[in-house]
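Lettering follows sequence order; numbering is per chain, from 1. Atom set for the values below is all heavy atoms of this structure, side chains included, hydrogens, waters and symmetry mates excluded.
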Protein chains: 2
Amino acid sequence: MTIKEIAKLAGVSTATVSRVINGDLSVKKDTRANVEKIIQKTNYWPNLMARGLVKKKTNIFGLMMPRFDGWYSQRVEAILDVCSRNKYGVMIASGLAKYEEEMENLNLLAKQRVEGIIYSAARITPRHREIIAQIIERIPMVLVDQAIDELNVPAILQDNYRGAQKAMRHLLECGHRRIAFIAPPQDDIEAEKRTAAFYDAMRAEGLDVPEGHFQRGDFSIPSGSQGMERILEGGDPTPTAVFAANDNMAIGAIDCLIRRGLRVPQDVSVMGFDDIAMARHFLPALTTVHQDQVAMGTQAAELIIEYKKYKKVRLKKIILEPELIVRDSVQRLGEARG
Amino acid sequence: MTIKEIAKLAGVSTATVSRVINGDLSVKKDTRANVEKIIQKTNYWPNLMARGLVKKKTNIFGLMMPRFDGWYSQRVEAILDVCSRNKYGVMIASGLAKYEEEMENLNLLAKQRVEGIIYSAARITPRHREIIAQIIERIPMVLVDQAIDELNVPAILQDNYRGAQKAMRHLLECGHRRIAFIAPPQDDIEAEKRTAAFYDAMRAEGLDVPEGHFQRGDFSIPSGSQGMERILEGGDPTPTAVFAANDNMAIGAIDCLIRRGLRVPQDVSVMGFDDIAMARHFLPALTTVHQDQVAMGTQAAELIIEYKKYKKVRLKKIILEPELIVRDSVQRLGEARG
DNA sequence: AAAAAAAATGAAAACGATTACAAATTCTAT
DNA sequence: ATAGAATTTGTAATCGTTTTCATTTTTTTT
């Protein structure tokens with residue numbers, strides 16, 4: 001079924017059919033009705049490639065994610081929702097492990113002529129910057145989770161500093177003074193703000209952090225275990241609380257503590273960050289900092305649609321405020337419940 | 001940059017440029033070299049819509065998932081991997097809650113002229129069957145997780161009966177005789193085979209299942225808790241083991257047991273199904289049945305690519321064998337370790 | 001060196017829509 | 001009834017490729 005056949009069946013020109021399809025109001029009422037009836041009957045749907053060719057539109061956005069796991073699922077669905085409501089398809093690519101591949105996949109998206117790219121980035125290296133700079137010359141992009149200030153690309157972030165600050169405030173309010181930190185990977189500039197908040201909070205209380213109480217992790221569960229291991233083995237006094245830079249590492253830390261016969265939270269409190277879906281179901285249920293994934297996804301999609309519509313965007317940086325979620329893995333110091 | 005401009009720069013016709021791009025070997029060596037140099041220099045990439053229009057190919061597959069959460073993440077990435085290696089883009093849609101929307105989104109994919117659809121289905125209703133029947137007249141499809149025997153659509157499944165059988169065998173071998181079952185939703189025909197395996201195994205041992213020891217769930221964590229609650233409240237003797245039809249419900253069940261002061265696995269053993277990523281990190285680490293998501297994704301993608309290539313497919317039903325994973329949540333009856 | 005065969009190239013017609021612009025039709029006001 | 005305006009419709013060019021077929025160029029054979 002092509003527009004030509006519809007035109008023939010309706011006894012009009014293709015131009016008229018096209019007008020009907022596109023809701024042009026200069027078509028007489030009964031002509032329109034007739035054409036619509038035939039479109040209905042034949043189950044015709046315009047060829048989007050032909051249309052795209054002349055309109056120079058693919059009606060597809062590209063979505064680049066580090067991976068498509070549970071952590072991003074609500075974000076992906078929010079994006080999907082906004083896009084399809086605006087008649088955009090969503091084509092995906094994933095970053096996988098190595099960023100060589102990530103950049104290759106990003107280029108692939110660009111070559112597919114997507115009209116815009118929503119890019120959730122785990123980290124931004126100089127090589128990333130270079131390739132992104134090239135791409136945004138041709139294709140609008142919005143970054144999520146990271147920002148590149150020297151490039152003019154809008155970004156959706158959460159306030160990592162504020163979030164970690166809230167976490168630390170809670171730990172301190174619960175009376176903890178010996179607090180260890182399992183840190184994010186150093187090259188994640190955004191997450192590294194959690195580190196800053198940790199140190200600032202400790203300093204503000206006049207508390208010293210022994211070297212062994214600061215361990216790097218890579219956001220994975222095993223790295224949380226290892227970090228905890230080293231904290232305990234380092235020869236420093238055992239902390240009363242541990243702040244992990246994300247929930248996975250908090251889970252790893254708890255795993256390690258329990259294996260060594262320590263109780264959480266009675267012996268050691270553990271604070272997470274992210275509020276992954278499992279956090280509330282873990283035992284003990286994780287006290288953590290919540291990120292609004294739906295908001296991030298929705299805003300990212302709306303931002304790029306807004307850009308397509310008006311060729312510019314109101315805000316180039318949207319920073320969302322994370323929220324402290326108090327559950328069971330952090331306990332007031334010295335309390336003996338549980 | 002269009003093919004015309006390249007042609008002009010190279011001093012040849014667009015036909016020749018097109019031949020170079022498509023690796024046609026009837027182009028003289030130096031002509032080819034020259035054209036390629038210019039393509040390189042100008043960073044030209046052919047317009048895929050124009051190409052698609054004449055070749056009648058979009059080079060895009062549609063991927064329909066119930067949702068994009070952790071459970072499907074490896075499958076999605078495997079699909080993505082195979083597709084991009086074969087120069088296909090992947091456009092996504094999700095089923096969300098209501099299947100009205102699911103079907104609408106499926107139709108949307110079809111209208112976007114994807115060349116094939118990989119459809120991971122949570123359940124198949126008559127309405128699904130109807131719409132799928134329509135779609136496969138025009139677009140090849142492969143189903144994952146479910147099959148529709150009366151329609152000629154290839155499917156990738158795991159052997160749910162065998163998987164549940166393995167789980168039951170393990171429970172029985174551990175000496176359990178009072179085994180309760182938290183069942184899948186009734187309309188999931190595939191998962192319901194786990195129910196069959198449960199009853200068959202019990203019957204084979206001459207064991208009776210009191211009514212209260214069989215509770216329906218909906219695969220969610222809370223429904224697992226509720227099911228467990230009803231099993232304990234039903235007035236029947238407390239089971240020594242519980243088999244949950246998926247890991248989420250197993251986690252819910254454990255949650256419930258612990259809240260009521262029962263220890264897992266010392267007082268009650270819990271068997272899951274799926275082996276979600278968190279299963280190994282949960283406390284106690286979940287004994288469960290593993291599904292190979294990577295294999296499912298890879299095979300699904302390869303199947304549809306094979307179909308595109310040869311217009312037919314070797315196998316129309318691929319059934320993968322799940323594997324029992326023994327961890328800590330199931331214990332030999334009467335053992336007192338832990 | 002000419003004829004025949006093979007190889008390389010180009011001209012032009014698709015593919016299926018949209019959209020200026022022109023042409024035809026209908027309506028309004030005299 | 002008719003000029004002029006307003007409304008509808010159609011013609012044909014266009015988007016950027018690929019591909020058939022004809023033509024030109026090169027190579028081989030005699």
What's the closest nucleotide to the [X] side chain, out of [options]?
| X | options | answer |
| --- | --- | --- |
| Ile3(B) | dG10(C), dA17(C), dT18(D) | dT18(D) |
| Lys28(B) | dA17(C), dT9(D), dA8(C) | dA8(C) |
| Ala15(A) | dT11(D), dA17(C), dT17(D) | dT11(D) |
| Thr16(A) | dT8(D), dT17(D), dG10(D) | dG10(D) |
| Val27(B) | dT17(D), dG16(C), dT9(C) | dT9(C) |

Opposite nucleotide pairing with dA22(D), Watson-Crick or G-U, both atom distances under 3.5 Å: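 dT9(C) - that is the nucleotide pairing with dA22(D), both distances being under 3.5 Å.
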
With heavy atoms under 4.0 Å as the rule, sort [X] into base, sugar-phosphate or nothing.
| X | value |
| --- | --- |
| Ser18(B) | base |
| Ser26(B) | base |
| Val12(B) | sugar-phosphate |

What is the distance, rounded to the nearest whole Å, between atom [atom1] of [X] and atom [atom2] of [N]?
| X | N | atom1 | atom2 | value |
| --- | --- | --- | --- | --- |
| Leu53(B) | dT18(D) | CG | P | 11 Å |
| Glu5(B) | dC15(D) | CD | P | 11 Å |
| Lys55(B) | dT17(D) | NZ | P | 12 Å |
| Lys4(B) | dA13(D) | NZ | C1' | 11 Å |
| Arg51(B) | dA17(C) | CZ | P | 21 Å |
| Arg19(B) | dA11(C) | CZ | P | 11 Å |
| Asp30(B) | dT26(D) | CG | P | 11 Å |
| Ile39(A) | dA17(C) | CD1 | P | 10 Å |

Pair Lys8(A)-Glu5(A), salt bridge (charged side-chain N to carboxylate O under 4.0 Å, His left out): steps then yes or no: CA-CA 5 Å; Lys8(A) 184 172 293 173; Glu5(A) 307 180 57; over 6 Å; no

Whether Asn59(B) side chain and Lys87(B) backbone form a donor-acceptor pair below 3.5 Å: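 Yes, the answer is positive, given that a donor and an acceptor are paired below the 3.5 Å cut-off.
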
Donor-acceptor under 3.5 Å (Asp69(A) side chain, Trp71(A) main chain):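 Such a contact is found between Asp69(A) side chain and Trp71(A) backbone.
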
Compare side-chain N and O positions of [X] against OP1 and OP2 of [N] and report whether any pair is under 4.0 Å apart.
| X | N | value |
| --- | --- | --- |
| Tyr44(B) | dG16(D) | no |
| Asn22(B) | dT18(D) | yes |
| Lys57(B) | dT18(D) | no |
| Ser13(B) | dG10(C) | yes |
| Thr31(A) | dT9(D) | yes |

Comparing Thr14(B) and Lys29(B) on DNA chain C - which has the more 5′ nearest nucleotide: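 Per heavy-atom nearest nucleotide, the more 5' residue is Lys29(B).
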
5' priority, DNA chain C, between Met1(A) and Leu25(B) [closest heavy atom]: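 Whichever sits nearer the 5' end wins; that is Leu25(B).
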
Salt-bridge contact Glu306(A)-Lys309(A) (side-chain N to carboxylate O under 4.0 Å):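 So Glu306(A) does not pair with Lys309(A) through a salt bridge.
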
Partner of Val82(B) under side chain to side chain contact (heavy atoms under 4.5 Å, CB included), chosen from Ile79(B), Leu80(B), Asn86(B):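 Of the listed residues Ile79(B), Leu80(B), Asn86(B), the side chain to side chain contact (heavy atoms under 4.5 Å, CB included) partner of Val82(B) is Asn86(B).
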
Spacing of CD1 belonging to Ile304(A) relative to CG belonging to Leu63(A), to within rounding of 0.5 Å: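 Going from CD1 on Ile304(A) over to CG on Leu63(A), the span is 10.0 Å.
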
